[in-house]
Structure formats: structure tokens, C-alpha cells
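Here is how names work: the chains are called A, B, and so on, in the same order as the sequence lines, proteins then strands, and each is numbered from 1.
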Amino acid sequence: MSNVAPVVFVVDDDPSVRRAIQRLVESIGLQVELFASAQEFLRSKRPDAPSCLVLDIRLPGISGLDFQRQLAEANIHIPIIFITAHGDIPMTVRAMKAGAVEFLTKPFRDQDLLDAIQIALERDRTRRVQETEVAKLRERYESLTPREREVMPLVVSGLLNKQIAAEIGASEATVKVHRSQLMRKMGAESVADLVRMAAEMGIPAAKPKGP
Amino acid sequence: MISASAAMTGSYDYLQVVLSVVIAISASYAALDLGGRVTAASGWVRRAWLIGGATAMGFGIWSMHFTGMLAFRLPVLVSYSWPTVLLSLLVAISASAFALYVVSRHELGMVRALAGSVIMGSGIAAMHYIGMAAMRLAAVFRFHPLLVTLSVAFAIAFSFAALILVFDLREETKGTPSRKIASAVVMGAAVSAMHYTGMASASFMPSTVAPGLSHAASVSSLGNAGIVIVTLIVLVTVVLTSAVDRRLASQRAELERGRELATINEELRKEMLERQRAEDALRRSEDQLRLVIDTIPALVWSASPDGSLDFLNQRWLEYTGISSERGLGWAWAEELHPEDREGFVNAWRSAVATGEPFEHDVRVRRADGEYRWFSKRAVPLRDELGHIVKWYGTTTDIEDRKRAECALQEAQAGLSHVTRVTTMGELAAAIAHEVNQPLAAIVTNANFCLRQLASATPNSDKLREAISEIVNDGTRASAVISRIRALLQKSPPERVAVNVNQIIQEVTILLRNEMTRNRVSLRTDLAADLPRVSGDPVQLQQVLINLVMNGIDAMRSLAHRPRELLIKSAKNHNEVSIQVQDSGAGLDPERAEHIFEPFFTTKPEGIGMGLSISRSIVESHGGRLWAESDSKGAMFQFTLPTK
């Protein structure tokens, strides 16, 4: 996964600035794709690789900050580095609060941009790994029988086999079998491991119904 | 065979003679009456009248004749052949019809009258002798030729007279009953005379030959009476009918006249109504005019040529609360503000003397004792010789306007300060954005180059590419600056002849409040006969506002020294100079050099563009702006060329 070449997207309506950034970023061996507007970026087919977005605040048609919100709403979680020719403090605060990696005023120091890009790519890489992990767990979870899926939240919540048996109305021996099957199928080495997996998948621990 | 025996002597029944004369007169009256009717009528009514009238009249004449004949008694039995009698009646009717026809024409000339009377007379004579021929008796007629001729002549003469009379009397106005009766009597007498002459012309010789009695009938005295009565009834009926018809006709005429009268009346009424309406409209418009003068929201007055007031409208009296006694003549002068009184009265007198339109602002005491500013204006009305006959004037309350003007000036002063600051802020943002774009590209490219050069194997192609972009972006940045400058000069500066003293006055009015608030006392020393300079009044005003505001700001921290601002204008040989001098701390010598640089500011809220922009404005006018300073304060001075 992590050996796929990362890509830096640059959205700026000024072609000169776009090209300069491309030159600089490519000089450290990264792949760069340029866009003149937010729409152009949305329409493009982006490679499935760790990436980040260098975004100008003042764009034709839509402001960079609004575009940031649009991306979030569309569930596109790409780290953003803002660049602006004339920024102020409220603008910066808003961008950073919405999850921007960095907010740079033009003209910026080259190292600042490159550092920000590295941080952003790292962040995206991590996110992608996490997403892959969760996808794998989901796949395993799909292989569980309905009974095993019923048992999993109870195990995660730390109940003993006896308690689980009472909870689902089965014998303790049956629960034991379900539990070992569950652990095996999910590839969990310990209950703690299973708890982490459940958390990653967003499966909440069950509260026992009984006393 | 005719025997020689003597003629039979006949006698007259005198009652019958009288009766025959009465019938003759009646028939004549009917004829006179009918003439009018036939003439008055037209169309089929006329024909009916002609036929009916002729029948009645002919019947009357014939009846008279027959009665007359019956009045003649012979010693032998006399009977009558009735077809012959009928023929004589027809002849009488025909003659009557002809006569009526003749008299009902529009005109009756002598020829026509004569011809008519010959035909009519002959007819009557014919009727007479045919009637006599109807007699069947044992006797032979012998006619006396002279008398026969005379009787025919009578008949013609009678006809002539009758035609003339009827024609004359046919008009309703002339045919008064008495005249008609008199004429009828004459005519009746003539008819009778003719008849009895005719009768007298015949003598009867006894004959043994029995008369041919086929179709003969004797007339009994009863039959005779019947004929008379029927005749009279017919005649009376005709006369009555004629009278009724005449009445109806006259009523019709009256109706017609009435209708005409009604039409005329209607028109008269309309005309009167119209006149009434016009008068009403006039009165209304007069009322309206008065109403307008009294109610328009203006105080209206008029004055005699000598300048004394002779009319004040209702509004004037109500608004000022001054009675007409105190307002008219020259009494109003007492109501003026004592400070304004002399000036105003003099101005008014001079207007009255020269006839120039008058306009003057003056404070007038209102009824509540408050003096308010009024603008008084008047124009003279002249006669055709150009002499003033009247002055018409208005008085307008301008107190509120004056106050509003003051408020507006204050607001403007505040606004000019605010806009000065905000436009600068926006301008700075625009410049920053536009210039930072190429700068960002330049810096980034330059950094790339440095990185390349630092690497072991610099890529010379890439370096060349980056450096040429740096050059392009540098040029672009410069173009952006030029564009911004062009934008600032978008409205090409106006160049008009500017009165510098006027600009100074305007600015001091504009900033009066600002100075009062900061307890700055202003002094102006303006050179008289200052030549005008060519320039943009608004831009020059901005420069001056800037300098004055700087002066005020510089004195704001002064606690123990008087805050004095002096604005001075002077004329040097081919330029005008304007000085703004404050009594502040003066300029720090180290900073003095930098004050005209953009973004240099000594004030916490300043952005440091004021003096920089002011200097460019002055320089664009071909002048100079500089500062001098000593311990008594700072002095900013700028010059503007007069050529």
C-alpha cells in the first residue's frame, strides 16, 4: 500500500504560481497534478494513492474555505494546505479549525511548503492504512455467523462465558465454541485485540440486559 | 205656332224670393270660407276640400236659383224635367269647383281672374238657362235678348268680383267674420240680381201644346221647403266644418308655433344654463385660486411699487402669527431680527428702486417669539411701459433646511475621514493580493533554482525555465502596479479654474466640527485677488483636509499650549501657495525625512498613506508639497502653478 507513489494536487487560478509550485515539489521527487479551479479538481479522476491538496484561498467561483467544507461534506478526506496572497487571522483560524494542515501566505518560504506537504502526505498515508485495516476487519466480520456477531459485542464488553450464556439463552459450552470461532475468524490474539478491532469498525460494546 | 195673345203675367212669391236671396248670401259666405280652406290645405285634403266645397257651393247656387224659379208663379201648372234639373246642378258644381280651383292658386293675375270669371260666369248662366229649360208648362218662352245679355254680363261680373273677394279674403288674417259677411251679402245680392235679371229676360206665351211630361215632376211647396232646408243645412255644415277645420288648423299652427317656441325656449334655457355654468366655473376658479393662494404651503405676499406690503396670504398670517396690521405697510420690519433688520430693509429698498428680482435670507420672529431663518424672494410685475405695478413675493421657512445643512456638513466631515481610512484599507488589500501572486511565484521559482544549484547535478534546462518565469513574473508584478495606478486615476482628474480661497473656506466649514471637538481655534489669512489655478477641486480639497486633519491630530496631545491652526494663502510670482501651520510639538528631525513615504505613520491608527497621496496629487497639479518644523509647531506648505 504505502509503496504507491504519493501525489500532490495544486489548485490555484494563477498559472505562474501553479507551475512554480510544481517545479519545487517535483524537485523533491513527488508527483504533482495541477488544477485551475475547484471544479476541475472535482471532475478529475484521482489516483488511489496517498495525496494532499495545496489550495489557494481565492479561487474563481468559490472560496478555498467553502471548498474545504464541500470536500468534507462529500466525505473526501484529503489533507489541505492553504496558500493565500492576502490572508487574515479569522480566515486562518477557520481553515485550521476545519482541519487544514497548514496556512501559508504568499510569498511563502519553500521549505515551509515542502514541510507542510510531507506532514500532509504522512497524515494521508496513516488515514489510508487505517482505512485499509478497517476494510480488512469488515471483511472478516462479514464471515461471522449471526450467532457469533451477537456474541462479539458481549465479549468486547468484558462479560464472562456464563454471563453471555445467560444473556443469549444458550449453554456455556455453546458460548465457548462461538467465542473461539469468533476469535479465530477475526484473527484476534486476545480479547484486548478484539476490543481494538471493534472500536476501529465502530461496533459498540453491548450493555448486558440482565442484572 | 205662336199665338199673338198677351204674355202670361207671373207673380213672385216674396217669401221665396227672400229665401233665395238668403241662400245666395249663405252660398257666397260658404264660398268665401272655402277659398281659405282649400288654399290652406294640401295633398288629398286639398282635393277633398275642393270636391266637398264645390259640391256645397254649387248646390247652394243651384238651390238659390231653383228657389228663385219656384218663387215665380205662373197661372199654369209648372212641372220640371228632373234630368235637366240634375244637369243644371252638375254645371253649378263644376263652375264652383273651377272657381275654387282658381282662387286657391298662389297667384291671381288679372288675366287669370278675367278668364276665370268668364268661365265661371258662363257656367252660372248656363246653369240658370238649363234650369229654366227644365220647366215643363203649357207656355212658350220668349227671351228678351238685352236682358239675357245683361244677365250673362252680371254673372261674369259677379264671378269676377267673387273671385277677387275670395282670393283676397282667403287668408285667415284678412277674413274677419264681419268682412266675410259683408262680402257675402254683396255677392249674394249680385247672384240674386243676375238670377232675377235672367228671369226677367224670359216671358211666357200661353200655348195649347201640352208640355212633354216625360221625366217631369212638379215641385210641391213641401219639396220646395225641403230643398231650401237641405241647402241651408249643407251650407251651414260646410261653414261649420270649415270653421272647425280652421280652428284645428290654427291649433295645429299654434302647436307648431308652440313647438317652435319650445325649441327656442329650450335653446335659450341651454344658453342660460351654459352661461350660468361658465359663471359658476369662473367663480369656482376664483374661489379655487383664492383657496390655492391661502392654502399652498408657502407664505405669499405682494407689495406696492413703493415697497410697502399690501397683501399677506392666510398662511403667512397663520404661520408668523403676525396680524395684518403689523405685517402690512412697513410695519413688518419690526418683526425682523435686530441684527438682520437694517441689511434686509436696505436690500429691499434697493430692489424696489432698481426693479431687480429680490432674494434675501432673514430671521423673523414668529408668534411664539422664536426667530427663524426665512428666505424672502420677490419679482416685480410690470405694465407694458415697463413700470412696476406690483411686487409678488414668497417667504420660505429655511430654518430646518439650515439646520439640516449644518448637520449634513458635520456628517460629511465625518464621512470624509471614514472613507479616507476605509478606502485605504481596501486599496492595501487589493494591492497586496495582486502583487503577492507574482511575488509568490518568483520566490518559489528562485528557491527552486537555489535548490538546483545546491544539488550535485543541477538541471540547467529546468533552471533556465524557472529563471525565465521569474523574469516574466517580475514584469507581471510591475504591470499590476501600473494597473492599480491606472485604476486610481480611473476618473480622469478634472482640470478647472479653481479659487483656492474658496477651497480653503469649504474645508474649514467641513472640518469646523472636528476643530471644535478638539478645541482647536482656526485662523485664516487669505490673500485677496488670488489668481485662480487649474486643478481638480475635489483632489485639492482632499489634500487640504489631509493637512488640516494632520494638524489637528498633532495638537491633540497638547495640554498646556493653545491649539491654534493657521491656514494661509499667498501669491508668489507665478504660483499660489497654501500653508497649514499647527502649534503642536513639531516634527522629529529624524522622522521628518520619512513622512512623505508611503506607509510611514506616526499615528497609532494611521496607515501612512495620507501625505504620500497628498504629495502625488500636488505633484500631478505641477506643484510641490513639503514640511517645515520648529519648536512652535509644524508647517506644511504646497504650491500650485498659476499658469
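- By the 6.0 Å contact criterion, CG on L453(B) is enclosed, its count of non-hydrogen atoms from other residues, nucleotides or ligands being greater than 12.
- The OG1 atom of T84(A) sits 8.5 Å away from atom CG of N436(B), with the distance rounded to the nearest 0.5 Å.
- Using a 4.5 Å cut-off on side-chain heavy atoms (C-beta onward), R23(A) and N445(B) make contact.
- With a 4.5 angstrom heavy-atom cutoff, D112(A) does not touch chain B via any of its atoms.
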Side-chain polar contacts of residues 186-196 of chain A - donor-acceptor pairs under 3.5 angstrom, sequence neighbours left out - could you list them?
from: S190(A); atom 1: OG; to: A192(A); atom 2: N; distance (Å): 3.4
from: S190(A); atom 1: OG; to: D193(A); atom 2: N; distance (Å): 3.1
from: D193(A); atom 1: OD1; to: R196(A); atom 2: NE; distance (Å): 3.4
from: D193(A); atom 1: OD1; to: R196(A); atom 2: NH2; distance (Å): 3.1
from: D193(A); atom 1: OD2; to: E189(A); atom 2: N; distance (Å): 3.2
from: R196(A); atom 1: NH1; to: E200(A); atom 2: OE2; distance (Å): 2.8

Start with the C-alpha distance between T444(B) and R109(A), add both sets of side-chain angles, then the distance that settles side chain to side chain contact (heavy atoms under 4.5 Å, CB included), and finish with yes or no.
-> CA-CA 7 Å; T444(B) 307; R109(A) 281 187 53 229; over 6 Å; no

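- Looking at I28(A), the atoms closer than 4.5 Å to chain B (heavy atoms on both sides) all sit in the side chain, from C-beta outward.
- Taking the charged nitrogens against the carboxylate oxygens, R19(A) and D473(B) have no contact shorter than 4.0 Å, which rules out a salt bridge.
- For E26(A), the part sitting under 4.5 Å from any heavy atom of chain B is the side chain, from C-beta outward, and nothing else.
- Between R451(B) and L24(A), some side-chain heavy-atom pair lies under the 4.5 Å cut-off.
- Within the model, atoms OG of S16(A) and CD of Q437(B) stand 9.0 Å from one another, a figure rounded to the nearest 0.5 Å.
- For L104(A), no part lies under 4.5 angstrom from a heavy atom of chain B.
- Heavy-atom minimum distance, A440(B) versus V17(A): CB-CG2, 4.5 Å.
- Within 6.0 Å of atom CD in E73(A), more than 12 heavy atoms from other residues, nucleotides or ligands are found, so the atom counts as buried in its surroundings.
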